Undergrad: 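Here it is, the structure, as structure tokens.
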Amino acid sequence: MSTSRKMAQAEVPAWQEQALRFRTVRDASMSTINTQLPDLSGDKQLARVIGVPRLHLTQAEVHLTESAPEVLVRSLAVGRVTAKEVVLAFLRRAAIAQKLANCVYELLPDRAVERAQELDDYLAQNGKPSGPLHGLPISVKEHISVAGRDNTAGFVGWIGNTSRDDASIIKILLDAGAVIYARTTEPQGLMAIETGSNITGVTVNPHNRALTCGGSSGGEAALLALRGSPLGIGSDIGGSIRLPAAHCGLYGFKPSSGRLPLMGVEAFCTGSDTIAPSIGPLSPTLEGIKLFMDTVLMSKPWQNDPFIHPLPWQSRADHLRQRGKVTLVVGVMWTDDVVQPAPPIKRALLEVVDKLKSTPGVEVIDWKPFQQTDALEILKRLYHPDGGKAFFENLALSGEPILPLPAWAVRDEPGIEPLSIKGVWEWTKKRDQFRHSYFQAWKTIAPDMDVILCPACPMPAPVHNTSRYWGYTSLWNLLDYPAITFPVTRIDPEKDGQDLDYVPKNDSDRWCYDNYDVHERKYAPVSLQLVARRLEDEKLLQAAEKIQQEIGLPFVDCLA
Ligand SMILES: *[C@@H]1O[C@H](CO)[C@@H](O)[C@H](O)[C@H]1NC(C)=O
Ligand SMILES: *[C@@H]1O[C@H](CO)[C@@H](O)[C@H](O)[C@H]1NC(C)=O
Ligand SMILES: *[C@@H]1O[C@H](CO)[C@@H](O)[C@H](O)[C@H]1NC(C)=O
Ligand SMILES: *[C@@H]1O[C@H](CO)[C@@H](O)[C@H](O)[C@H]1NC(C)=O
């Protein structure tokens, strides 16, 4: 070995070598796809790359990959297309998406193609599909375990933690006929609402690569927006499904906890019960969200997992009952009174409310924010009752440095402090009192209100490294209410300029105000959020569907 080589080795910290070894595995998983990937160097300068993949695919591949999941399963079920041709098209498109947005943790081409072949053989022999998702490719956020693959949960020091078993949700989807073919990126230790780690680097927003795709399920959202996946699974403890879905123009659903199984979903804080995490689907269509929930709940997951409420999924029952002339009462929360929504979010709310007001059967009322500053204080204590200690211990396993956004989320945000056991009890009691008060307020102020319509984020996709406020989504984790984000429109440079007369009310508000510039946010999708009470998941999806159909959402198709 030459002297210079020795020196180079000494200079590279061991954690970087580990990360590099991982990226070699990822790149190898792409190179085994039997296709010549196009040279995309010329597209590197492009901000908006949504339309790029279709330029490099065959017409048949474009057709398959741009089909909605509910359409694909119908074609697959009758053998109009084979599982193998579908998964090959998605593998190729996912490999292109990786080059454009850095959203793939690794592809699983060998097992996916083998599985697809099995499914094709099954259909040929039995004349019927193997299950409701027969042949549908599904992508998975990395920390949801896949047997035989590493599960890092975003830490370099976890590289080499190989999962012995599939997560429960993966088993259910495989039983229903799905093909697991891609694993997607997440931020360092999962603790950011953007997606950058020392393992995979930064995942960008395909609508405008100067913007974040959101996080922590950002790899899923970027891959789905590029149609490198028809349906994906993310996880959400403060907005991690809903924010990336909102920033990328997709539907993202966080169910109530206890509806979908968490076994095999790993994180450094697994076992903490102070704020309930959920897993859930991200999809280019609302039908895809329903397909996912219908299928998983049809398997009666409570028969295998004591954590799951034994509640059959009542998707066919009518949850929006007639009361006089009204079937749906929508409460609009225009602001949370801590951070003002930026002009495009306000405009989206106004446009939706305007249409809802002239929809027969729908009543629109105002819903005032309820003790949001208290909610934020409780959340800060209960996310990291150890003051961030465990997070740093997991960084120390490899020696990787902390990145700025996780540092904000686990250490620097004012109010984060290590608690004694008694302190954890006190703050958990405050959580329960808050849940109780919110419920009482709903009951007494607006007993007929079915759902709350509100922002998902105070602004469309932020510029990289500036996402610091998630109070519009984390509130519903504190309450454990089901919530869905959905695309409404796209940012408009003419209409959405900064309100120059506005004076920010506090530090969070100032941070968001100062970081909003309509010209930087070019092409960004604009989304909103709909929320129902705990365990009213089916009702929420029905309300979302009714609103979508009645007023014709989205007003602009951002994925086109
Ligand atoms: C992964 O590996 C690290 C280091 O050995 C360990 O501390 C951590 O608990 C492991 N995680 C899981 C889910 O096994
Ligand atoms: C890891 O962290 C360092 C320091 O913050 C950063 O400069 C580097 O780009 C990161 N590595 C990757 C692969 O993102
Ligand atoms: C934000 O502003 C409101 C209204 O001025 C205030 O009550 C609240 O304490 C502030 N919250 C934060 C997190 O700074
Ligand atoms: C965000 O900050 C991290 C750490 O400083 C850096 O590695 C990363 O490249 C930054 N992201 C972008 C897109 O600039």
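Residue numbers count from 1 along this sequence. It should be emphasised that the depicted structure is a prediction, and the values quoted were computed from it without experimental measurement. Counting starts at 1 for both ligands and their atoms, following the listed order.
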Undergrad: Asn161 versus ligand 1: do any nitrogen or oxygen atoms come within less than 3.5 Å of each other?
TA: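 There is such a contact, yes.
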
Undergrad: Sort out for me which residue in Asn102, Leu100, Val202 forms a side chain to side chain contact (heavy atoms under 4.5 Å, CB included) with Arg209.
TA: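 Single pass found, and it is Leu100.
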
Undergrad: Would you kindly specify which portion of Leu397 sits under 4.0 Å from ligand 1, judged on non-hydrogen atoms: side chain, backbone, both or neither?
TA: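 Side chain only.
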
Undergrad: I need the atoms of ligand 4 closer than 4.0 Å to a non-hydrogen atom of Asn465, numbered in the order shown.
TA: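 Close to Asn465: 1 (C), 2 (O), 3 (C), 8 (C), 10 (C), 11 (N), 12 (C), 14 (O).
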
Undergrad: Mind checking salt bridge (Lys or Arg N to Asp or Glu O under 4.0 Å) for Lys300 and listing every partner two or more places apart, or none if nothing turns up?
TA: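 For Lys300 there are no salt bridge (Lys or Arg N to Asp or Glu O under 4.0 Å) partners, ignoring immediate neighbours.
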
Undergrad: Check each atom of ligand 4 against the heavy atoms of His464 and keep those under 4.0 Å away; list them by number with element.
TA: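 By the 4.0 Å cutoff, the relevant atoms are 12 (C), 13 (C).
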
Undergrad: Residues in salt bridge (Lys or Arg N to Asp or Glu O under 4.0 Å) with Glu520, at least two apart?
TA: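 Salt bridge (Lys or Arg N to Asp or Glu O under 4.0 Å) list for Glu520, sorted by chain: empty.
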
Undergrad: Suppose we measure from atom 13 (C) of ligand 1 to each protein heavy atom; which comes out shortest, and what is that distance?
TA: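 Nearest neighbour among protein heavy atoms for atom 13 (C) of ligand 1, to 0.1 Å: Glu266 OE1, 3.5 Å.
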
Undergrad: Would you please determine whether Pro404 falls within less than 4.0 Å of ligand 4 on a heavy-atom basis?
TA: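 Yes, Pro404 has heavy atoms under 4.0 Å from ligand 4.
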
Undergrad: Between Ser474 and Trp470 (side chain of the first, backbone of the second, donor and acceptor by atom type, cut-off under 3.5 Å), is there such a pair?
TA: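 Side chain of Ser474 to backbone of Trp470: a pair is present.
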
Undergrad: Quick check: do Val488 and Pro554 have side-chain heavy atoms less than 4.5 Å from each other?
TA: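 The answer is no; the side chains never approach within 4.5 Å.
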
Undergrad: Tell me the protein heavy atom at minimum distance from atom 9 (O) of ligand 1, and give that distance in Å.
TA: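 Sorting protein heavy atoms by distance from atom 9 (O) of ligand 1 puts Trp158 CZ2, 4.3 Å first.
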
Undergrad: When you measure from the side chain of Thr195 to the backbone of Gly214, do you find a donor-acceptor pair of N or O atoms at a distance under 3.5 Å?
TA: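 Present.
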
